[in-house]
Amino acid sequence: MEHQHKYDAQGNQLCCTPAENKIDKNSGFPQFADDRCCSKPLSNKEPHSDHDGHNHSHSVENESVFKMFLPAVISLVLLLSGIAMDNWFTATWFTGCIRIIWYLAAYIPVGLPVFKEAVQVIVKGDVFSEFFLMGIATIGAFAIGEYPEGVAVMLFYAVGEVFQTLAVSRAKANIRSLLDQRPDEVTVLINSEPQTVKAETVNIGEVIQLKSAEKLGLDGELLSDTASFNTSALTGESKPDTKSKGQTVLAGMINLNTISQVKVTAAYTDSKLSKILELVQNATSQKAPTELFIRKFAKIYTPIVVFLALAICLVPYFIVADYQFKEWLYRALVFLVISCPCALVISIPLGYFGGIGAASRNGILFKGSNFLDTLANIKNVVMDKTGTMTEGVFKVQEVVFHPSFNKDEIMKMVNILESHSTHPVATAIHQYVGKPDTSIRLERTEEIAGHGLKSTVNGKDILVGNFKLMKKFGIVYDLDPDSIVYTTIAVAYANKFVGYITIADSIKDDAQQAVKSLHKLNIKATMLSGDKGTVVKHVAEQLGIDSAFGDLLPEDKVNRVKEIKAKGESVAFVGDGVNDAPVVALSDVGIAMGGLGSDATIETADVVIQDDMPSKIPMAINIGKQTKKIVWQNIALAFGVKAVVLVLGAGGLATMWEAVFADVGVALLAILNAVRIQRMKF
């Protein structure tokens, strides 16, 4: 298969990566919508610089940390030696000239990059950036002879930028590790001979030979009898996952045993991991309301403080008797440095990105930081039963048919009819009966939502579904469905009730703990299911769920959720994201279980739990709460300190040194606070 390259509008070839053209051509790093910073380029090209408020593009891989600090180190040495010379030498015209040149030499290594950024931003139409504020403030400091303070402002700003770069690089480490999960080359069996080829050239249907400790490059079906895999890169679950012949294995899994063989079922760019990568890479495109507000606020706030600084400098001329321009200009410059909104516009997005990164490390994928905020305020979690709180692996318990019917013949009809369904019940029947008999001809087959299946065999109608289906078609039966605890599949043929099949499912190991954790967070748990009311009630009692409703059609689930929302309470719905699409659309947050097993789930849900574990539901909510807490701590810190120092600066009680702390110092503290979430254990 020849690899298909993609090109942009200018004819430039785009990088061929899991996310296709989601990768920035210049930086080589996945291009996040409205990205703040780029780290670890995958190519040797220079990082792309994109300015939007406080946008930067940082590279950690192409230069060592020492080189990143080098300009600041040079500036610091020259600054300290300049201050020492000020104390040693007598002020003369000559020493004054030397002093200016010396401090300019200290200023240029840290100041020049900021002026370059300022010019680039101004060209794009954003005049009032923090680069502009820093440039004006430090030029003003030089103009009034405050050389050490002018250099110090730029020096500390440069140091802050380096720490910010390192913090952002750490925040994106999870995504870089995901990008490294797929090998570029795989071993393919061609005429029974192993050959190493590019993973992107492998066709569907080809067989990959996987050695022990080797990563799988593409999705496929296991051909070996059994194999154990490390799936931690995909699910965050460290426990090995043993697969049997015929089961699905995914790109990024690591073979833990002997040599295994896998038949490829999806192209390189269509693997589940590719979709997961694209989801995570696009996660920052949907901003949280807090983040959007701060960005809008910064664009209004910055020009206001510039004009206030002008007012501080000029207005006193008309109202102060002993007005001195140099003194009031200094106050205005201090005010400018303090007012820089760096702490807000950097630490807040970093906090949200840290939350998304912490979640993905635990196998929880958020489609946007806005869902972190929403989950933090959730009061109700409404969940499906099958596949969410239970394993979704049904087994036939008993078949109770009327003696007048041939059990084997009816079960063959049921089996071929269920092959038209993807419901776990169909899988249980297939396992019980065996391979569907394709000689049985079905006619006019249809699925009746919330009821079951209907078809025609040998000119006679066959119905397979719940007892509501029997009532719908007027089928008479002489038993009480509520007396049967297990999930019951009713069968009718030729307008007569044949009998029923009972099927049982098992509760997931961590389901009960998940409900307890939700209750600790003061969240009410509700179960809605189309399954029998007795079964749903039985499962709900075992799990300690607050309220449960069974025998529901899709529209019934919608109505139940509407009732909760009518009380003014927020709702998160947990299910498969496909069959329950109306409820997912109605809920504030849609959480999908089994993200690795369903492409549609990944596309429709707001949050995807990759390993099907119910305990990840309260974990996701807790991550949202902690992220929001950190974000608001940073807002309070930035506004609180700046407000105090702004007043002191305008009153002449704060110097440029206090201004530097209020700007760069607070920014550093906020960044350090933001990255805390990446170290938290949930």
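Side chains included, hydrogens not; waters and symmetry mates left out as well; all remaining heavy atoms used.
For the pair Q513 (side chain) and D510 (backbone), a donor-acceptor distance under 3.5 Å is absent. Checking side-chain atoms of D225 against main-chain N and O of K245 turns up no donor-acceptor pair under 3.5 Å. Judged by distance alone, with hydrogens and angles left aside, the side-chain atoms of D505 form no donor-acceptor pair with the main-chain N or O of F394 at under 3.5 Å. For the pair D219 (side chain) and A266 (backbone), a donor-acceptor distance under 3.5 Å is absent. Side-chain atoms of N380 do not come within 3.5 Å of backbone N or O of V571 as any donor-acceptor pair. Checked by atom type and distance alone, the side chain of N559 pairs as donor or acceptor with a backbone atom of E555 at under 3.5 Å. In terms of modelled atom types and a separation under 3.5 Å, the side chain of S224 and the main chain of Q261 share a donor-acceptor contact. Remark: side-chain polar atoms of D408 are not paired, donor with acceptor, to backbone N or O of M411 under 3.5 angstrom. Under the 3.5 Å distance criterion, the side-chain polar atoms of S570 are matched with a main-chain donor or acceptor of N377. In this structure, D480 contributes its side chain and D482 its backbone to a donor-acceptor pair below 3.5 Å.
Looking at I501 and F401, their side chains come closer than 4.5 Å, going by heavy atoms from C-beta outward. Side-chain contact check for R560 versus T526: every heavy-atom pair is 4.5 Å or farther apart. Side-chain contact between S547 and K524: present, with at least one pair of heavy atoms (C-beta onward) separated by less than 4.5 Å. Between E185 and K198 there is a side-chain heavy-atom pair separated by less than 4.5 Å. A heavy-atom distance below 4.5 Å is found between the side chains of L528 and V561. Looking at heavy atoms from C-beta onward, F366 lies in side-chain contact with L375 at the 4.5 angstrom threshold.
For Q195, the side chain to side chain contact (heavy atoms under 4.5 Å, CB included) partners at least two apart in sequence or on another chain are I190. Looking at residues two or more places apart in sequence or on another chain, you find a side chain to side chain contact (heavy atoms under 4.5 Å, CB included) between N415 and I429, H430, V433, P436.
Residues L222 and S260 come closest through the heavy atom pair CD1-CB, 4.3 Å. M593 approaches P614 most closely through the heavy-atom pair CE-N, 3.7 Å. In plain terms, the two heavy atoms of L453 and E418 that are nearest each other are CD1-OE1, 3.8 Å. Among all heavy-atom pairs drawn from I259 and K211, the shortest one is CG1-CA, 4.3 Å. In terms of heavy atoms, Q209 sits closest to E214 at O-OE1, 4.0 Å. Summarising the geometry of T388 relative to K508, their closest heavy-atom pair is O-NZ, 3.3 Å, with the distance given to 0.1 Å.
Other residues, nucleotides and ligands contribute more than 12 heavy atoms inside 6.0 Å of the NE2 atom of H519. Within a 6.0 Å sphere centred on NZ of K471, other residues, nucleotides and ligands contribute 12 heavy atoms or fewer. Few gaps surround CZ on F497; more than 12 heavy atoms of other groups in view lie less than 6.0 Å from it. Around the NZ atom of K625, the shell of radius 6.0 Å holds more than 12 heavy atoms that belong to other residues, nucleotides or ligands.
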Side chain to side chain contact (heavy atoms under 4.5 Å, CB included) between K243 and M253, worked out: CA-CA 11 Å; K243 300 288 186 181; M253 290 183 174; 4.3 Å; yes
Run V186 and V197 through side chain to side chain contact (heavy atoms under 4.5 Å, CB included) and show every step you take. CA-CA 6 Å; V186 295; V197 299; 4.2 Å; yes
Could you walk me through whether D588 and K565 pass the side chain to side chain contact (heavy atoms under 4.5 Å, CB included) test, one step at a time? CA-CA 9 Å; D588 296 290; K565 290 179 70 77; 3.2 Å; yes
Could you walk me through whether V249 and L210 pass the side chain to side chain contact (heavy atoms under 4.5 Å, CB included) test, one step at a time? CA-CA 12 Å; V249 287; L210 201 61; over 6 Å; no
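Of the residues listed (I545, T534, I507), the one engaging V539 in a side-chain contact (heavy atoms from CB on, under 4.5 Å) is I507, and it is the only one. Checked against K557 for a side-chain contact (heavy atoms from CB on, under 4.5 Å), the options L586, V382, D384 give a single hit: D384. Across V491, I484, V399, I489, a single residue satisfies side-chain contact (heavy atoms from CB on, under 4.5 Å) together with Y500, and that is I484.
Here the CD1-CD1 distance, from I356 to I364, works out to 12.5 Å after rounding to the nearest 0.5 Å. Taking CG of L365 as the start and CZ of F371 as the end, the distance is 13.0 Å to the nearest 0.5 Å. Separating the NZ atom in K472 from the NZ atom in K468 is a distance of 11.0 Å, to the nearest 0.5 Å. For the atom pair I621 CD1 and I378 CD1, the distance stands at 7.0 Å (nearest 0.5 Å). Atoms NZ and CG, from K460 and N458 in turn, are 7.5 Å apart once rounded to the nearest 0.5 Å. How far NZ of K395 is from OG1 of T502: 14.0 Å, rounded to the nearest 0.5 Å.
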Show every donor-acceptor pair shorter than 3.5 Å between a side-chain atom in residues 440-450 and any protein atom, with sequence neighbours excluded, or say none if there are none.
residue : atom : partner : partner atom : Å
R444    : NH2  : T456    : OG1          : 3.3
T445    : OG1  : S455    : OG           : 2.8

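Aromatic ring centres of F467 and Y477 lie closer together than 6.0 Å.
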